[in-house]
Engineer: 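A single structure is presented below for examination.
We name chains A, B, ... by the order of the sequence lines, and we start the count at 1 in each one.
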Amino acid sequence: MTLRLYNTLTKKEEEFTPLDPESKRVTFYACGPTVYDYAHIGNFRSFLNADVLRRVLELVGYDVKQVMNMTDVGHMTDDELADGAGQDKMQVAGQRLLEAKKAGTLPTDAGEIDPTDPYAVADFYVHAFIEDSRKLGLKIIADADKQPELMPRPTRYVEQMIKLVEKLIENDHAYVASDGVVYFSVQSYPAYGELSGNTPDKIRSGEGGRVDEKTQLVKKHPADFMLWKPDASHVMKWPSPWGEGYPGWHLECSVMAVSLLGQETNGVIDIHSGGEDNIFPHHECEVAQTCCSTGESHFARYWFHTRFLIVENQKMSKSKGNFYTLNDLLAKGASPAAVRLELIKTHYRSQSNFTFRGLTDSQRQIDRWARLKTWLETNKNESLNQPGPLTAALPAFIAALCNDLNISGAIGVLNDAASKHDVANSPENSKGKFTYAAELDALNQMDSVLGVLDLQQSASLSDTDVDVKRIEELIEKRNAARSSKDWKEADRVRDELVDMGIAIKDNPTGTTWSKIVSS
RNA sequence: GGCCGAGUACCCAAGUGGUCUAAGGGGACGGAUUGCAAAUCCGUUAUUCAUGGGUUCGAAUCCCAUCUCGGCCUCCA
């Protein structure tokens, strides 16, 4: 099955073929998080979509080598201006952690950290990111457990960044300006703007309101971007031929992608992903830097960008109170699997609206698939006269995903097939040559992309604040009242549980409970 | 000003010129079940695709215009 993917570079859907089609190897660089704060669900939408793409590539037979960077260079500025000014975000994060430490609100598993050490701050947030990502089933985490270099840190690649800048200066693609800062010259690279559409002639200097007029004056072109900033007062700084300072924030991806994925291909990689906001300037600048140093016409051959997530129809922001991390949602009773499905179920090139209603929708959806899976496992040795509905639907499921990752279409195919199984009853005895084991296998293959059924088990309540003992006592109390037909008391206890945010289900085998998800 | 997107039922959402008299999920409603619920199971739920034109034998799908909404144009996934 051929995968068709929309390529931001060409602005159209294309057939995906790797650089080396024979080997079935695909090199995939996913722009990862900045680690000076907790990642929020908007960040995770982008990472999860990259994960889905990777899983689809694997489903159709590719061998994917994926890298995801952990941006620990604190040079990202905290003020509104470009070209590196203002306070270091890693420093701000350190101050925040220091306050949290004093207030005793730091997670207990954080250990002893020194908030004045930017590397320790980065470690803290990398650790948090890995934990969240593991809960959400990002495959890159399991890879990095074995090969930590697959989740590289820019601070360990500064030497290579300096080499890249030197090469760009040699090639006349970069220059040292009168303020001592090294800039990339966008006019030296005719293809600048190909990815984003923001060609130098179209860029209205300062239109976004984030450009400092003073820096504009020293640059050859307003779109020229910083490669190295000498600044000895900076928290994170490294020696360089242009003075002690820090690298431009686009360098890291160029250097790490080429080092880890492009050694044998002169710096060309197959896929590069990120959020839509990365297209410009970040990815545009990466292309310019990389191609000007390798001489190749391409950096990544396919560019994959996920559109933004909004929350309850509003742009997510801390001031609106609709800014959520994974742990915020888990504390409200959501399972990681439901969060994963809610974040991947809208097509990656459509804006997605995260809602609590959608989250409960997703949870119920997963519960139904999980019941189906359990039922198939129970009956896997039973036989069928013809291929079962899931087996029959698998090609259509894959075809939908191969159509530019049409995940809603794929889920529709899955549900259509799933509804043909009567999970409330045992299958009728049949002597056919097909078995329910094949059905289970088909479901597992579908879930190899969705990635939610394995998460179901780990949707534990351990990190929530429920009083399990108290809940069990109340359930016992209610069941005692029920057996003596004291319905009034039984209902009162049930209401009490609901007030605690606990829903109960009376099954033939006993009573089970779960947290009620609410905003 | 430039460049991208999007508008399909109560909600999410597929569909990209011909079994579309429009998938799938949720919700709602009706039924089975239940002490009553919840959960589960069965059934019902868009003659219509933002609006107005056009192309075509045929349009939710293509074209034009209008309206509305969102994103980017050097913090951002």
Side-chain angles (χ1 to χ4, degrees), chain A residues 8 11 13 30-34 39-50 76-84 86 89 193 196-199 201-212 215-216 222-226 249-250 273-282 284-285 305-310 313 315-316 341-342 345-347 349-355 357-358 360-365 367-368 371 400 403 406-416 418-419 422-425 482 485-488 490-491 494-495 498 503-508 511-514:
Chain A
T8 310
K11 294 174 185 59
E13 215 175 87
C31 260
T34 46
H40 54 72
I41 54 174
N43 300 129
F44 275 113
R45 180 182 189 217
S46 162
F47 306 142
L48 283 165
N49 276 133
M76 324 286 281
T77 59
D78 195 49
D79 73 0
E80 304 300 308
L81 302 175
D83 297 326
K89 284 195 175 176
S196 66
N198 287 330
T199 50
D201 59 305
K202 282 185 183 158
I203 291 173
R204 284 188 152 206
S205 176
E207 194 65 34
R210 297 192 193 122
V211 177
D212 179 8
T215 22
Q216 292 309 317
D224 289 355
F225 56 92
M226 186 194 105
W249 63 286
H250 311 300
S273 71
E276 60 171 325
D277 57 318
N278 281 154
I279 298 169
F280 189 88
H282 191 48
E284 190 72 64
C285 295
H305 292 102
T306 295
R307 293 194 74 91
F308 268 162
L309 179 83
I310 58 172
N313 281 311
K315 198 170 174 175
M316 185 166 51
L341 184 60
E342 181 61 13
K345 75 182 180 188
T346 301
H347 187 87
R349 283 193 291 119
S350 297
Q351 183 172 271
S352 169
N353 183 20
F354 182 92
T355 62
R357 189 170 172 177
T360 49
D361 276 14
S362 293
Q363 183 62 61
R364 298 189 58 156
Q365 177 72 85
D367 288 347
R368 290 183 61 221
R371 265 199 307 282
N403 179 17
N406 181 355
I407 194 155
S408 299
I411 289 172
V413 169
L414 162 56
N415 278 323
D416 206 33
S419 66
D422 181 9
V423 299
N425 297 297
R482 287 172 72 211
K485 298 202 193 298
D486 184 354
W487 310 129
K488 207 175 168 184
D491 292 351
R494 183 168 62 202
D495 289 344
V498 170
I504 53 171
K505 296 178 197 172
D506 293 328
N507 302 303
T511 302
T512 59
W513 60 274
S514 59

Engineer: Measure from the side chain of Arg307(A), starting at C-beta and using heavy atoms only, and say which of U40(B), G5(B), A77(B) lies closest.
Structural biologist: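 Side chain of Arg307(A) sits closest to G5(B).
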Engineer: Once you round it to whole Å, what is the distance between P of A37(B) and CG of Asp486(A)?
Structural biologist: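 Spelled out: CG on Asp486(A) to P on A37(B) is 18 Å.
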Engineer: From C-beta outward on Asn415(A), which listed nucleotide comes closest to its side chain: A38(B), C41(B), G24(B)?
Structural biologist: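 In terms of side-chain proximity for Asn415(A), the closest of A38(B), C41(B), G24(B) is G24(B).
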Engineer: Please report the closest heavy-atom contact between His40(A) and Asn43(A), naming both atoms and the distance.
Structural biologist: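 Shortest heavy-atom separation between His40(A) and Asn43(A) comes out as N-OD1, 2.8 Å.
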Engineer: Nearest whole Å is fine: how far is C76(B) P from His305(A) NE2?
Structural biologist: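 Interatomic distance, NE2 of His305(A) to P of C76(B): 13 Å.
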Engineer: Roughly, in whole Å, what's the span from CG in Leu414(A) to P in G26(B)?
Structural biologist: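 Checked: the CG to P distance equals 12 Å.
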Engineer: What residues form a salt bridge (charged side-chain N to carboxylate O under 4.0 Å, His left out) with Arg349(A), not counting sequence neighbours?
Structural biologist: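 Per chain and number, Arg349(A) pairs via salt bridge (charged side-chain N to carboxylate O under 4.0 Å, His left out) with Asp404(A).
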Engineer: Could you check whether any side-chain heavy atom of Thr346(A) comes within less than 4.5 Å of a side-chain heavy atom of Gln351(A), counting everything from C-beta outward?
Structural biologist: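 Sidechains of Gln351(A) and Thr346(A): no contact.
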Engineer: Looking for any heavy atom pair under 4.0 Å, which part of the strands does Ala400(A) touch: base, sugar-phosphate only, or nothing?
Structural biologist: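 Here Ala400(A) touches no strand at all.
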Engineer: Could you tell me if Ser362(A) and Lys345(A) have a donor-acceptor pair between their side chains, going purely by distance under 3.5 Å?
Structural biologist: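 The criterion, which ignores hydrogens and geometry beyond distance, is satisfied for Ser362(A) and Lys345(A).
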Engineer: Please give the distance between the P atoms of U48(B) and C10(B) as a whole number of Å.
Structural biologist: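 These two P atoms come out 13 Å apart once rounded.
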Engineer: Using whole Å, report how far CZ of Phe308(A) lies from P of G71(B).
Structural biologist: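 Taking CZ of Phe308(A) and P of G71(B), I get 9 Å after rounding.
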Engineer: Is any side-chain heavy atom of Glu342(A) closer than 4.5 Å to one of Ile41(A)?
Structural biologist: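 Sidechains of Glu342(A) and Ile41(A): no contact.
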Engineer: Indicate whether the side chain of Asp367(A) and that of Gln363(A) have a donor and an acceptor atom separated by less than 3.5 Å.
Structural biologist: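 Yes.
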Engineer: Does any part of the side chain of Thr8(A), heavy atoms only, come nearer than 4.5 Å to the side chain of Glu276(A), both counted from C-beta?
Structural biologist: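 SC-SC contact between Glu276(A) and Thr8(A) ruled out.
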Engineer: If I pick the P atom on U16(B) and the same atom on A22(B), what distance separates them, to the nearest angstrom?
Structural biologist: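 My reading of the P atoms in A22(B) and U16(B) gives 15 Å.
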Engineer: What is the distance, rounded to the nearest whole Å, between atom CZ of Arg45(A) and atom C1' of C76(B)?
Structural biologist: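 After rounding, the reported distance stands at 16 Å.
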Engineer: Using a cut-off of under 3.5 Å, enumerate the N/O to N/O pairs linking the protein to nucleotides 32-36 of chain B.
Structural biologist:
unit_1 : atom_1 : unit_2    : atom_2 : d
G35(B) : N1     : Asp491(A) : OD1    : 3.0
G35(B) : N2     : Asp491(A) : OD1    : 3.4
G35(B) : N2     : Asp491(A) : OD2    : 2.8
C36(B) : O2     : Arg494(A) : NH2    : 2.7
C36(B) : N3     : Arg494(A) : NH1    : 2.9
C36(B) : N3     : Arg494(A) : NH2    : 3.4

Engineer: Which heavy atom of Gly409(A) sits nearest to which heavy atom of Ala400(A), and what is that distance?
Structural biologist: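 Reported closest heavy-atom pair: C-CB, 4.0 Å.
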Engineer: If you only use heavy atoms from C-beta on, which nucleotide in G71(B), G24(B), G15(B) is closest to the side chain of Lys315(A)?
Structural biologist: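 From the listed options, G71(B) comes nearest.
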Engineer: Among all residues two or more places apart in sequence or in another chain, which pass the ring-ring contact (aromatic ring centres under 6.0 Å, His included) test with His347(A)?
Structural biologist: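 Result, ring-ring contact (aromatic ring centres under 6.0 Å, His included) vs His347(A): none returned.
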Engineer: Grab the stems for RNA chain B, please: at least three consecutive Watson-Crick or wobble pairs, both distances below 3.5 Å, written as range with range.
Structural biologist: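 The stems are B:1-7 with B:67-73, B:10-12 with B:24-26, B:27-32 with B:40-45, B:50-54 with B:62-66.
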Engineer: Got a list of protein N/O to nucleotides 11-14 of chain B N/O distances below 3.5 Å?
Structural biologist:
unit_1 : atom_1 : unit_2    : atom_2 : d
A13(B) : O3'    : Ser408(A) : OG     : 3.4
A13(B) : O2'    : Ser408(A) : OG     : 3.3
A14(B) : O3'    : Asn406(A) : OD1    : 3.4
A14(B) : O3'    : Asn406(A) : ND2    : 2.8

Engineer: Using heavy atoms to find the nearest nucleotide of RNA chain B for Gly275(A) and Ala424(A) separately, return the residue whose nucleotide is more 5′.
Structural biologist: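 The residue whose closest nucleotide sits nearer the 5' end is Ala424(A).
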Engineer: Between Ile310(A) and Val423(A), name the one whose nearest nucleotide on RNA chain B is closer to the 5' end.
Structural biologist: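 So the residue in question is Val423(A).
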Engineer: If you measure from the C1' atom in G58(B) to the same atom in C20(B), how many Å do you get, rounded?
Structural biologist: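 Those two atoms are separated by 12 Å.
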Engineer: In chain order, what residues pass the side-chain hydrogen bond (donor to acceptor under 3.5 Å, both in side chains) check against Thr512(A), with sequence neighbours excluded?
Structural biologist: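 side-chain hydrogen bond (donor to acceptor under 3.5 Å, both in side chains) check on Thr512(A) returns Asn507(A).
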Engineer: Report the relative orientation of the aromatic rings in His250(A) and His282(A); use parallel for angles under 30°, tilted for 30 to 60°, perpendicular for over 60°.
Structural biologist: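 If you compare the ring of His250(A) with that of His282(A), the planes turn out tilted.
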